[in-house]
Amino acid sequence: MSNNYCIIMAGGIGSRFWPMSRNNYPKQFLDILGTGKSLLQQTYDRFIGICPKENIFIVTNEAYVEHVQSQLPELSRNQILAEPQRRNTAPCVAYAAFKIQSINPKANMVVAPSDHVIKDEEGFREAITKALNFTEKNDSLLTLGIQPNRPDTGYGYIQFNDDGDTTEKFKISRVKTFTEKPNVEMAKFFLKSGDFLWNAGIFVWNLKSILHAFQQNLPEMYSIFEEGKGLFNTKEEDEFVRKAYTQCTNISIDYGIMEKAKNVFVLSAEFGWSDLGTWRSLYEHVPHDENSNASVGNVMMENSSGCIINISKDKLAVIQGLHDYIVVQSENVLLICRKDDEQLVRNLVNDVRLKKGEKFV
């Protein structure tokens, strides 16, 4: 277990969860589910037991370092990787890989977002343990795929080669294709075919495999971070990383590595997963009243159904005659939006920024 490392990506803005998620305090630091712990804290707890505490690293924007320190005080400052700019997930993974290489060249790594919901914690740990055992022995890039139960258009999909023991609990298969968020008809086809999984965005690999993948598929980025050898885990690290990020292209690990590499595998799993990317996904995790309304805060509902309401505790919302809407009040903003139009929230945030200013986003 001493060679197991975890990288938690916690630098996103979470604009689809606006207005609760703000630029200065995004959703990974919020207790959105009302559990008493933020999404980041829940993610951290999930990996305790999979790897030692000192092997858990958080990659976040430099503006959020204090939030991480406040929520995870047991971490040393060296375990918090401060990104000077947002450059998507490939530079984030490269930075973490080169930093860990200078600590333990035999490292076996999990890379996971900080804002997922996992209902079956034990099932999750079992799946990750099997994945780590696989990547420890194989030159492979492994991603976790979730068995789909509906034709969801909000997730990416992974097609796998349907071979091996189909009764195996956590089956590992070669990846055939990756598909970005499909339309409804395509999602229905994927569900019916039986050889597609939701892309959970959780990755497992050994250090040697991921560095070789960067060298092969993103050679410029590999060279940028390779120049920092000898500087990681020293006082010169921050200055080097600030310079390196100005040279990095803005690209995801999916586009930059996973869709190009030949040694990509997927582990098929079910553990009550949600990426909690939108208000509608939160709706699935909040208790409903007899009219299918899911509310958090001080709310009175009359002749309303299918709504998700989130109101701060010091306010009262009285809602009459509203069906299938999102109503969210947070600080100085009130959002009222049809559930079917929730993909527009990110666009609304941009409109607010342009027309009303940064203080509202």
Side-chain angles (χ1 to χ4, degrees), residues 1 3-7 43 46-47 49-51 89 93 107-113 116-182 186-210 212-213 252-254 257-276 281 284:
M1 193 171 84
N3 289 337
N4 290 348
Y5 285 75
C6 175
I7 311 304
T43 305
R46 203 170 290 139
F47 285 102
I50 291 175
C51 59
T89 52
V93 172
N108 206 17
M109 301 164 54
V110 183
V111 179
H116 288 185
V117 173
I118 307 291
K119 289 183 177 179
D120 179 4
E121 300 274 353
E122 282 307 308
F124 175 80
R125 290 191 181 97
E126 195 178 341
I128 294 294
T129 299
K130 175 162 184 177
L132 284 165
N133 289 339
F134 181 81
T135 57
E136 184 181 25
K137 302 179 182 77
N138 295 278
D139 175 21
S140 60
L141 307 176
L142 185 69
T143 184
L144 264 62
I146 308 299
Q147 289 286 352
N149 56 21
R150 62 184 183 277
D152 201 301
T153 59
Y155 297 142
Y157 284 73
I158 302 168
Q159 185 181 23
F160 60 92
N161 282 320
D162 193 10
D163 51 13
D165 182 5
T166 57
T167 63
E168 194 175 354
K169 186 175 183 182
F170 298 114
K171 178 184 169 187
I172 294 175
S173 309
R174 277 195 175 272
V175 169
K176 201 182 281 187
T177 59
F178 288 91
T179 304
E180 283 302 297
K181 299 170 184 177
M186 189 65 74
K188 287 178 179 177
F189 170 76
F190 288 168
L191 186 66
K192 187 177 180 180
S193 74
D195 59 351
F196 284 83
L197 302 165
W198 286 334
N199 188 349
I202 301 170
F203 308 102
V204 187
W205 41 56
N206 65 56
L207 187 64
K208 185 178 178 181
S209 294
I210 189 59
H212 184 254
S252 71
I253 195 72
D254 300 80
I257 301 286
M258 302 301 284
E259 294 185 17
K260 297 177 182 176
K262 305 298 183 187
N263 57 334
V264 181
F265 293 79
V266 61
L267 182 147
S268 173
E270 290 182 80
F271 36 69
W273 170 88
S274 169
D275 77 343
L276 211 62
S281 63
E284 308 292 330

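In this text the structure is predicted, and so the values were computed from the model without any measurement.
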Suppose the criterion is salt bridge (charged side-chain N to carboxylate O under 4.0 Å, His left out): which pairs have a residue in residues 132-156, not counting sequence neighbours?
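Listed by first then second residue: Arg150-Asp152.
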Nearest-0.5 Å distance, [atom1] of residue [X] to [atom2] of residue [Y]:
| X | Y | atom1 | atom2 | answer |
| --- | --- | --- | --- | --- |
| Glu121 | Phe271 | CD | CZ | 10.0 Å |
| Ser274 | Trp198 | OG | CH2 | 8.5 Å |
| Trp273 | His116 | CH2 | NE2 | 5.5 Å |
| Lys181 | Asn199 | NZ | CG | 11.0 Å |
| Ile7 | Phe203 | CD1 | CZ | 13.5 Å |
| Asn4 | Thr129 | CG | OG1 | 8.0 Å |

ring-ring contact (aromatic ring centres under 6.0 Å, His included) contacts touching residues 125-144 (sequence neighbours left out)
Phe134-Phe265
Nearest non-hydrogen partners of [X] and [Y], listed with the distance:
| X | Y | result |
| --- | --- | --- |
| Pro113 | Ile202 | CD-CG1, 4.0 Å |
| Asn138 | Ser209 | O-OG, 4.1 Å |
| Gly145 | Val266 | N-CG2, 3.5 Å |
| Ala107 | Tyr5 | CB-CD1, 3.6 Å |

Do any N or O atoms from the side chain of Arg46 and from the backbone of Arg125 form a donor-acceptor pair under 3.5 angstrom?
no
Ignoring hydrogens and angles, tell me if any N or O in the side chain of Thr89 forms a donor-acceptor pair with the backbone of Ile253 under 3.5 Å.
yes
Can you find a pair of side-chain heavy atoms, one from [X] and one from [Y], that are under 4.5 Å apart?
| X | Y | result |
| --- | --- | --- |
| Gln147 | Leu197 | yes |
| Ser140 | Val264 | no |
| Leu141 | Met258 | yes |
| Leu132 | Asn3 | no |
| Asn161 | Lys176 | yes |

Val175, Ile172, Asp195 screened by side chain to side chain contact (heavy atoms under 4.5 Å, CB included) with Phe160, the one that passes:
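Looking at Val175, Ile172, Asp195, the match for Phe160 under the side chain to side chain contact (heavy atoms under 4.5 Å, CB included) is Asp195.
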Please name all residues satisfying side chain to side chain donor-acceptor pair (under 3.5 Å) with [X], sequence neighbours left out, ordered by chain then number.
| X | value |
| --- | --- |
| Thr135 | Asn108 |
| Glu259 | none |
| Glu270 | none |
| Asp275 | none |

Within a reach of under 6.0 Å around NZ of Lys188, are more than 12 heavy atoms found that belong to other residues, nucleotides or ligands?
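At most 12 heavy atoms, drawn from other residues, nucleotides or ligands, come within 6.0 Å of this atom.
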Taking the inter-plane angle between the rings of Phe190 and Tyr157 on a 0 to 90° scale, is it parallel (under 30°), tilted (30 to 60°) or perpendicular (over 60°)?
tilted
